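Take a look at the structure set out below.
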Amino acid sequence: PHLARFIKAAQIRFENCGANTQRDRQQSKVINSFIDRYQKSIQRSPDNESLQEFRWLIEELRVSYFAQGLKTSVKVSEERLEKVWKIIK
(Lines give C-alpha, C1' and ligand atoms only; values in the text may rest on other atoms or scores of the structure.)
Protein backbone atom coordinates (compact mmCIF):
# COMPACT_ATOMS: atom_id res chain seq x y z
CA PRO A 1 0.00 0.00 0.00
CA HIS A 2 2.98 2.35 0.37
CA LEU A 3 4.49 1.71 -3.04
CA ALA A 4 3.24 4.98 -4.56
CA ARG A 5 4.84 6.95 -1.72
CA PHE A 6 8.12 5.07 -2.16
CA ILE A 7 8.09 5.84 -5.88
CA LYS A 8 7.40 9.51 -5.14
CA ALA A 9 10.28 9.48 -2.64
CA ALA A 10 12.62 8.10 -5.32
CA GLN A 11 11.49 10.85 -7.67
CA ILE A 12 12.17 13.52 -5.03
CA ARG A 13 15.58 12.03 -4.34
CA PHE A 14 16.41 12.10 -8.04
CA GLU A 15 15.29 15.73 -8.32
CA ASN A 16 17.44 16.74 -5.34
CA CYS A 17 20.43 14.66 -6.39
CA GLY A 18 23.63 16.58 -5.94
CA ALA A 19 22.24 19.17 -3.52
CA ASN A 20 24.35 17.81 -0.66
CA THR A 21 26.52 14.98 -1.93
CA GLN A 22 28.42 14.45 1.32
CA ARG A 23 25.20 13.94 3.30
CA ASP A 24 23.73 11.76 0.53
CA ARG A 25 26.82 9.53 0.55
CA GLN A 26 26.69 9.12 4.32
CA GLN A 27 22.98 8.33 4.34
CA SER A 28 23.36 5.94 1.40
CA LYS A 29 26.13 4.17 3.28
CA VAL A 30 23.77 3.61 6.23
CA ILE A 31 20.98 2.35 3.97
CA ASN A 32 23.36 0.03 2.14
CA SER A 33 24.64 -1.47 5.38
CA PHE A 34 21.08 -2.45 6.31
CA ILE A 35 20.38 -3.72 2.79
CA ASP A 36 23.53 -5.88 2.92
CA ARG A 37 22.40 -7.48 6.19
CA TYR A 38 18.95 -8.06 4.79
CA GLN A 39 20.21 -9.63 1.55
CA LYS A 40 22.55 -12.03 3.35
CA SER A 41 19.82 -13.15 5.72
CA ILE A 42 17.00 -13.43 3.20
CA GLN A 43 19.08 -15.87 1.13
CA ARG A 44 19.19 -18.21 4.11
CA SER A 45 15.57 -17.63 5.12
CA PRO A 46 13.48 -16.40 2.16
CA ASP A 47 10.13 -16.89 3.92
CA ASN A 48 11.06 -15.04 7.09
CA GLU A 49 8.29 -12.48 7.65
CA SER A 50 10.38 -10.52 10.14
CA LEU A 51 13.01 -9.99 7.46
CA GLN A 52 10.33 -8.81 5.05
CA GLU A 53 9.13 -6.27 7.61
CA PHE A 54 12.74 -5.20 8.18
CA ARG A 55 13.07 -4.58 4.43
CA TRP A 56 10.09 -2.23 4.46
CA LEU A 57 11.55 -0.38 7.44
CA ILE A 58 14.66 0.20 5.36
CA GLU A 59 12.47 1.78 2.70
CA GLU A 60 10.85 3.98 5.35
CA LEU A 61 14.33 5.05 6.48
CA ARG A 62 15.11 5.92 2.87
CA VAL A 63 12.00 8.14 2.77
CA SER A 64 13.04 9.71 6.06
CA TYR A 65 16.49 10.53 4.68
CA PHE A 66 15.75 11.58 1.13
CA ALA A 67 12.12 12.75 1.03
CA GLN A 68 11.25 13.99 4.50
CA GLY A 69 8.27 15.97 3.24
CA LEU A 70 6.42 12.74 2.44
CA LYS A 71 6.60 11.54 6.05
CA THR A 72 7.04 7.92 7.06
CA SER A 73 4.24 5.53 7.91
CA VAL A 74 6.02 4.53 11.14
CA LYS A 75 8.71 6.11 13.28
CA VAL A 76 12.03 4.99 11.92
CA SER A 77 15.69 5.71 12.58
CA GLU A 78 19.02 3.94 12.41
CA GLU A 79 18.66 3.09 16.09
CA ARG A 80 15.20 1.59 15.60
CA LEU A 81 16.43 -0.56 12.73
CA GLU A 82 19.35 -1.74 14.87
CA LYS A 83 16.91 -2.74 17.63
CA VAL A 84 14.70 -4.61 15.16
CA TRP A 85 17.76 -6.33 13.71
CA LYS A 86 18.83 -7.56 17.15
CA ILE A 87 15.37 -9.05 17.68
CA ILE A 88 15.42 -10.77 14.27
CA LYS A 89 18.89 -12.21 14.78
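Keep in mind it's a predicted model, so treat the numbers as computed, not measured. What's counted below: heavy atoms across the whole structure, side chains too, no hydrogens, waters or symmetry copies.
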Could you check Arg62 against Ile35 for side-chain contact (heavy atoms from CB on, under 4.5 Å), going step by step and ending with a plain yes or no?
CA-CA 11 Å; Arg62 196 183 308 261; Ile35 291 289; 4.0 Å; yes
Is there a chain of hydrophobic side chains (I, L, V, M, F, W, Y, each step under 4.5 Å between heavy atoms) that links [X] to [Y]?
X: Val84; Y: Val63; value: no
X: Phe34; Y: Phe66; value: yes
X: Trp56; Y: Leu61; value: no
X: Tyr38; Y: Ile31; value: yes
X: Leu57; Y: Ile87; value: no

Return the [atom1] to [atom2] distance between [X] and [Y], rounded to the nearest 0.5 Å.
X: Lys89; Y: Phe54; atom1: NZ; atom2: CZ; value: 10.0 Å
X: Glu78; Y: Trp85; atom1: CD; atom2: CH2; value: 15.5 Å
X: Leu81; Y: Lys86; atom1: CG; atom2: NZ; value: 12.5 Å

Anything under 3.5 Å between a donor and an acceptor, one on a side chain of residues 2-15, the other on a protein residue two or more places apart or in another chain? List them.
{"unit_1": "His2", "atom_1": "ND1", "unit_2": "Arg5", "atom_2": "NH2", "d": "3.0"}
{"unit_1": "Arg5", "atom_1": "NH1", "unit_2": "Glu60", "atom_2": "OE1", "d": "3.1"}
{"unit_1": "Arg5", "atom_1": "NH1", "unit_2": "Lys71", "atom_2": "O", "d": "3.2"}
{"unit_1": "Arg5", "atom_1": "NH2", "unit_2": "Glu60", "atom_2": "OE1", "d": "3.4"}
{"unit_1": "Arg5", "atom_1": "NH2", "unit_2": "Glu60", "atom_2": "OE2", "d": "2.7"}
{"unit_1": "Arg13", "atom_1": "NH2", "unit_2": "Ser28", "atom_2": "OG", "d": "2.8"}

Which residues share a salt bridge (charged side-chain N to carboxylate O under 4.0 Å, His left out) with Arg55, sequence neighbours left out
Glu59
For Glu49, does the CD atom have more than 12 heavy-atom neighbours from other residues, nucleotides or ligands under 6.0 Å away?
no
On a heavy-atom basis, the closest approach of Ser64 and Val76 is CB-CG1, 4.2 Å
Checking side-chain contact (heavy atoms from CB on, under 4.5 Å) for the pair Ser41/Ile88: CA distance, chi angles, key distance, verdict?
CA-CA 10 Å; Ser41 294; Ile88 292 172; over 6 Å; no
